[in-house]
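Before any comments, here is the structure.
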Amino acid sequence: MADAGKVRRVPLGATGIEIPELGVGVWQWGDASFWGYGREYGAAEIRAAFDVCMARGLDFFDTAEVYGTGASERNLGAFLRDDGRPAIVASKFFPYPWRVRSPSILAAARASLQRLGLEKIDLYQIHWPYPPRSVETWMEGLAAAVGQGMIRAAGVSNYGPAQTRRAHTALARRGLPLASNQVRFSLLDRKPERSGLLEVCRELKVTVIAYSPLAQGLLTGKYTRLHPMRGLRSARLGAPSYSQLDRLVDLLREIGSGHEGRTPAQVALNWVLCKGAVPIPGAKTAQQAEENAGAVGWRLTPDEVGALDRATA
Ligand SMILES: NC(=O)c1ccc[n+]([C@@H]2O[C@H](COP(=O)([O-])OP(=O)(O)OC[C@H]3O[C@@H](n4cnc5c(N)ncnc54)[C@H](OP(=O)(O)O)[C@@H]3O)[C@@H](O)[C@H]2O)c1
């Protein structure tokens, strides 16, 4: 479906770094408790998924120190070393309550670098804007990490419009751009549109990275009233109305049929692309990675985007 030559590269904020228009989330690559790594799938499957991503030109990977308590970073690092080709790696700092001062960012970044086996993290993000520390405290830490050459660019995650402005201002005072804000964004969660976050990010040249762009699998069409999503994941997402979901998946399928038989997942990811965000779907297997790679190299028409907007308003 997608070939490497067709993957458009887009700027990562105003950093000068370019990333593919579709990234890869790798929380799945080592997390047992939420995703079932080591039980439902394992090392061979995620390595095959990685190989597909690299072959398709999808070389932007998003991990975090908390994913699989470091296992995701370790697995990604091992794959990259073994592969040898360059890639763009994003990781995240978790603002645990016991991390009270900005230098804790330097210690955490050092530990992530060790697990990844890299000299520099391309994009380092504050995972959540949790209090009690201010937005400015963590931006000071990110700026110090850039200054020490540990990270190339500073980003945030789960920040609202006002917090994004504050982060942008705090970094600008230190001569640095805010590269990105990573938020939950899909056809089933359109809060970033409603809250004005997309507008703010466009104005400030901050890339919106869309996590859970497949609503953790719901938008693939494989979870239905007869085969509902189970376990921790379904509790976290709340109980979806499967009759509404089934109607939406039917529409995704109908729209996909007009684009050489694209699947619901591919159409759902393309909708995120059309909104100007960079989706980072997670994939457990080569097959999932291959399907997700088929979300690029083509575009929904404005009418189709409008139909999906109305169906999920
Ligand atoms: N910043 C944050 O706070 C935050 C929060 C969450 C996630 N993230 C990041 O965003 C990434 C993606 O989000 P996510 O993992 O929450 O959700 P997602 O990408 O919407 O869904 C991923 C899951 O959907 C299923 N799937 C993926 N592709 C598929 C396909 N083609 N066909 C069928 N099933 C498919 C797989 O699970 P099953 O096979 O088990 O159904 C996969 O684990 C994560 O890996 C992580 O890097 C960040």
Side-chain angles (χ1 to χ4, degrees), residues 1-2 22-37 39-42 45-46 49-50 52-53 56 58 60-68 71-73 75-76 89-95 123-130 155-160 180-189 191-192 208-224 227-234 236-237 240 249 252-253 256 262-272 277-296:
M1 285 275 196
L22 182 89
V24 184
V26 306
W27 178 14
Q28 287 71 3
W29 294 2
D31 178 274
S33 56
F34 194 86
W35 289 107
Y37 179 77
R39 293 192 307 278
E40 297 163 21
Y41 65 107
E45 284 84 0
I46 64 168
F50 169 85
V52 166
C53 295
R56 297 301 184 191
L58 302 178
F60 171 48
F61 298 97
D62 176 75
T63 182
E65 58 174 344
V66 294
Y67 293 168
S72 167
E73 289 182 327
N75 283 327
L76 175 63
V89 173
S91 192
K92 309 185 197 79
F93 166 86
F94 201 88
L123 172 65
Y124 199 50
Q125 309 152 99
I126 306 298
H127 209 142
W128 284 90
Y130 290 145
V156 296
S157 177
N158 297 302
Y159 279 42
S180 55
N181 186 2
Q182 182 180 135
V183 293
R184 190 157 81 174
F185 184 35
S186 75
L187 278 164
L188 293 186
D189 189 344
K191 187 173 167 206
V208 175
I209 298 176
Y211 76 73
S212 305
L214 296 171
Q216 299 198 323
L218 290 174
L219 290 167
T220 66
K222 71 181 174 186
Y223 296 109
T224 63
H227 300 282
M229 185 180 263
R230 300 208 184 276
L232 257 184
R233 212 184 329 172
S234 60
R236 191 175 132 118
L237 289 168
V249 170
L252 291 169
R253 207 166 268 128
R262 303 286 164 173
T263 64
Q266 292 168 339
V267 175
L269 293 172
N270 202 278
W271 176 88
V272 176
V278 174
I280 49 165
K284 292 174 164 179
T285 63
Q287 198 186 353
Q288 291 183 353
E290 191 77 57
E291 180 174 344
N292 298 345
V296 301

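Just so you know, residue 1 is the first one in the sequence shown, and it goes up from there. Each ligand, and each atom within it, is numbered from 1 in the order the structure gives.
Taking a cut-off of under 4.0 Å to the non-hydrogen atoms of Ile280, the atoms of ligand 1 that pass are 9 (C), 10 (O), 11 (C), 12 (C). Heavy-atom contacts of Leu214 reach the following atoms of ligand 1: 20 (O), 27 (C), 28 (N) (cutoff under 4.0 Å). Which parts of ligand 1 touch Tyr223 is read off a 4.0 Å heavy-atom cut-off, strictly below it: atoms 38 (P), 40 (O), 41 (O). Under a 4.0 Å criterion applied to the non-hydrogen atoms of Gln182, ligand 1 contributes the atoms 1 (N), 2 (C), 4 (C), 8 (N), 9 (C), 48 (C). Listed by number with element, the atoms of ligand 1 under 4.0 angstrom from any heavy atom of Gly25 are 11 (C), 44 (C), 45 (O), 47 (O). For ligand 1 and Gly217, the ligand atoms under 4.0 Å from any heavy atom of the residue are 21 (O), 24 (O). Residue Trp27 approaches ligand 1 through these ligand atoms, each under 4.0 Å from one of its heavy atoms: 6 (C), 7 (C), 16 (O), 44 (C), 45 (O), 46 (C), 47 (O). Close contacts of ligand 1 with Val26, meaning ligand atoms under 4.0 Å from a residue heavy atom, involve 45 (O), 47 (O).
When non-hydrogen atoms are compared, ligand 1 lies under 4.0 Å from neither the backbone nor the side chain of Thr263. With a 4.0 Å cut-off on non-hydrogen atoms, Ser212 touches ligand 1 through its backbone as well as its side chain. The part of Lys284 lying near ligand 1 is the side chain, judged by heavy-atom distances below 4.0 Å. Here Lys92 has side-chain heavy atoms under 4.0 Å from ligand 1, and that is the only part of it that gets that close. If you look at Asp62 next to ligand 1, the close heavy atoms, those under 4.0 Å, come from the backbone and the side chain alike. Neither the backbone nor the side chain of Gln287 comes within 4.0 Å of ligand 1, counting heavy atoms alone. When non-hydrogen atoms are compared, ligand 1 lies under 4.0 Å from the side chain of Arg233 (C-beta onward) but not from its backbone.
Taking NZ from Lys222 and NE2 from His227, the interatomic distance works out to 12.5 Å, rounded to the nearest 0.5 Å.
Contact check for Val208 versus Pro192: no side-chain heavy atoms found under the 4.5 Å cut-off. Within the 4.5 Å cutoff, side-chain heavy atoms of Leu252 are placed close to those of Leu187.
A donor atom on one side chain and an acceptor atom on the other are found under 3.5 Å apart for Ser72 and Thr63.
Some N or O of Gly282 is nearer than 3.5 Å to an N or O of ligand 1, by distance alone. Between Asn158 and ligand 1, a contact under 3.5 Å exists for at least one N or O pair. Of the polar atoms of Gln216, at least one N or O is found under 3.5 Å from an N or O of ligand 1, judged by distance alone. Ligand 1 has no nitrogen or oxygen under 3.5 angstrom from a nitrogen or oxygen of Glu40.
A donor-acceptor pair is defined here as one N or O able to donate and one able to accept, closer than 3.5 Å; no such pair exists between the side chain of Arg262 and the backbone of Ala295.
Within the set Trp35, Tyr211, Tyr67, the minimum heavy-atom distance to atom 10 (O) of ligand 1 is found for Tyr211. By heavy-atom distance, the residue among Gln28, Gln288, His127, Met229 lying nearest atom 15 (O) of ligand 1 is Gln28.
Pairing each heavy atom of Ser91 with each of Ala64, the nearest pair is OG-CA, 3.5 Å.
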Practice task
Could you walk me through whether Asp62 and Ile209 pass side chain to side chain contact (heavy atoms under 4.5 Å, CB included), step by step?
Solution key: CA-CA 10 Å; Asp62 176 75; Ile209 298 176; 5.7 Å; no
Problem - Test log, rule side chain to side chain contact (heavy atoms under 4.5 Å, CB included), inputs Ile280 and Gln182 - result: CA-CA 10 Å; Ile280 49 165; Gln182 182 180 135; 3.6 Å; yes
Problem - Stepwise side chain to side chain contact (heavy atoms under 4.5 Å, CB included) test for Tyr223 and Arg230 - result: CA-CA 9 Å; Tyr223 296 109; Arg230 300 208 184 276; over 6 Å; no
Practice task
May I have the step-by-step check of side chain to side chain contact (heavy atoms under 4.5 Å, CB included) for Thr263 and Thr220, ending in yes or no?
Solution key: CA-CA 8 Å; Thr263 64; Thr220 66; over 6 Å; no
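Between His127 and the choices Tyr159, Tyr211, Phe94, the ring-ring contact (aromatic ring centres under 6.0 Å, His included) rule is met once, by Phe94.
Between Tyr41 and Tyr37, the ring planes are perpendicular. Angles over 60° get that label, and only those under 30° would be called parallel. Using cut-offs of 30° and 60° for the angle between ring planes, the Phe61 and Trp29 rings count as tilted.
Ligand 1 does not have Ala283 within reach: every non-hydrogen atom of the residue lies 4.0 Å or more from it.
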